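Computed from a prediction, not measured in an experiment: that's the story for all the values here.
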Amino acid sequence: CASQSQPMAWRIGCSEADTSLKDVGSRTPTMWWLDVEIGNSWSSSSVALNQEAIEGAAARLKSAGAPYVGVYSTAGSWRTITGGSYTPPSADAEWVAGGSCTTPFDKNPVWLSQQGTVGGVDSDQAC
């Protein structure tokens with residue numbers, strides 16, 4: 001992540017992914033989901049910086065051997081944070097919150113759709 005050839009925002013995303021990799025220790029998840037929501041810290045002045053951070057995280061997880069990396073977001077959050085037309089090159093799938101299997105927010109396939117909450121637990125549908 002310390003490569004100076006990458007933009008700072010990319011390196012921040014990479015560093016966040018490194019923290020997650022350390023947190024899982026020796027376990028090897030088969031799927032990683034990046035949480036891209038308004039409540040997280042994102043640049044309010046540059047969607048390009050946000051795009052770089054997302055790609056930095058996804059690319060780092062892939063380089064660490066993650067078979068699949070997906071993005072969890074709502075269509076509205078995705079538009080606000082990334083500008084709406086961005087698809088992370090290193091991501092494989094989407095988990096759409098508040099949408100359906102037929103309402104992607106980028107060009108990756110929708111693998112999961114969050115249908116709401118039942119008894120305080122998310123209700124998701126495999127697509």
Side-chain angles (χ1 to χ4, degrees):
C1 291
S3 169
Q4 297 301 312
S5 65
Q6 294 291 351
M8 178 63 78
W10 189 98
R11 295 191 315 256
I12 290 170
C14 181
S15 176
E16 291 295 322
D18 270 346
T19 298
S20 294
L21 289 163
K22 287 176 190 164
D23 287 347
V24 299
S26 62
R27 294 173 297 226
T28 54
T30 57
M31 183 72 194
W32 286 84
W33 292 100
L34 304 177
D35 187 13
V36 180
E37 297 183 88
I38 299 292
N40 301 339
S41 296
W42 299 102
S43 172
S44 59
S45 61
S46 173
V47 297
L49 292 175
N50 297 334
Q51 292 171 4
E52 287 289 340
I54 293 165
E55 179 54 23
R60 174 65 184 113
L61 292 169
K62 285 288 188 128
S63 74
Y68 302 103
V69 175
V71 178
Y72 171 86
S73 192
T74 66
S77 290
W78 191 254
R79 264 190 313 278
T80 299
I81 294 165
T82 71
S85 61
Y86 174 68
T87 299
S90 296
D92 302 294
E94 294 180 26
W95 181 354
V96 179
S100 72
C101 292
T102 60
T103 58
F105 50 79
D106 71 13
K107 292 184 176 145
N108 282 319
V110 178
W111 285 7
L112 292 169
S113 172
Q114 185 176 357
Q115 303 297 304
T117 305
V118 177
V121 177
D122 290 345
S123 172
D124 299 302
Q125 171 187 355
C127 300

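Val69 approaches Ser90 most closely through the heavy-atom pair CB-O, 4.1 Å. In terms of heavy atoms, Ala9 sits closest to Glu52 at CB-CB, 3.8 Å. Taking both residues in full, the closest heavy atoms of Val71 and Val36 are given as CG1-CG2, 3.6 Å, listed atom of the first, atom of the second, then distance. Heavy-atom minimum distance, Gln115 versus Gln125: NE2-OE1, 3.6 Å. Of all the heavy atoms in Ser100 and Ser113, the pair that sits closest is CA-OG, 3.3 Å. Here the shortest heavy-atom pairing between Pro88 and Asn108 reads O-ND2, 4.1 Å.
Residue pairs meeting the ring-ring contact (aromatic ring centres under 6.0 Å, His included) criterion with at least one member in residues 92-127, sequence neighbours excluded: Trp33-Trp95, Tyr68-Trp111, Tyr72-Trp95, Trp78-Phe105.
Annotation: the span from Glu55 atom CD to Thr87 atom OG1 amounts to 11.0 Å, rounded to 0.5 Å. A distance of 11.0 Å separates CD of Glu94 from CG of Leu112, quoted to the nearest 0.5 Å. With rounding to the nearest 0.5 angstrom, the OG atom of Ser85 is 10.0 Å from the CG atom of Asp106.
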Could you pull out every donor-acceptor pair under 3.5 Å between side chains of residues 14-22 and any protein atom, sequence neighbours left out?
residue	atom	partner	partner atom	Å
Asp18	OD1	Arg60	NE	2.5
Asp18	OD1	Arg60	NH2	3.0
Thr19	OG1	Ser15	O	3.2

Name every donor-acceptor pair, under 3.5 Å, that has one atom in a side chain of residues 37-46 and the other anywhere in the protein, sequence neighbours excluded.
residue	atom	partner	partner atom	Å
Asn40	ND2	Asp35	O	2.9
Trp42	NE1	Glu37	O	2.9
Ser43	OG	Ser45	N	3.2
Ser43	OG	Ser45	OG	3.4
Ser43	OG	Ser46	N	3.0
Ser46	OG	Ala48	N	3.4
Ser46	OG	Leu49	N	3.2

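In this structure, the side chains of Thr82 and Ile54 come closer than 4.5 Å at one or more pairs of heavy atoms.
Residues Val110 and Leu34 are members of one and the same hydrophobic cluster, defined by side-chain heavy-atom contacts under 4.5 angstrom among Ile, Leu, Val, Met, Phe, Trp and Tyr.
No donor-acceptor distance shorter than 3.5 angstrom exists from the side chain of Ser77 to the backbone of Thr74, with no hydrogens or angles considered.
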Margin query: Evaluate Met31 against Asp92 for side-chain contact (heavy atoms from CB on, under 4.5 Å), listing each step before the verdict.
Written below: CA-CA 10 Å; Met31 183 72 194; Asp92 302 294; 5.6 Å; no
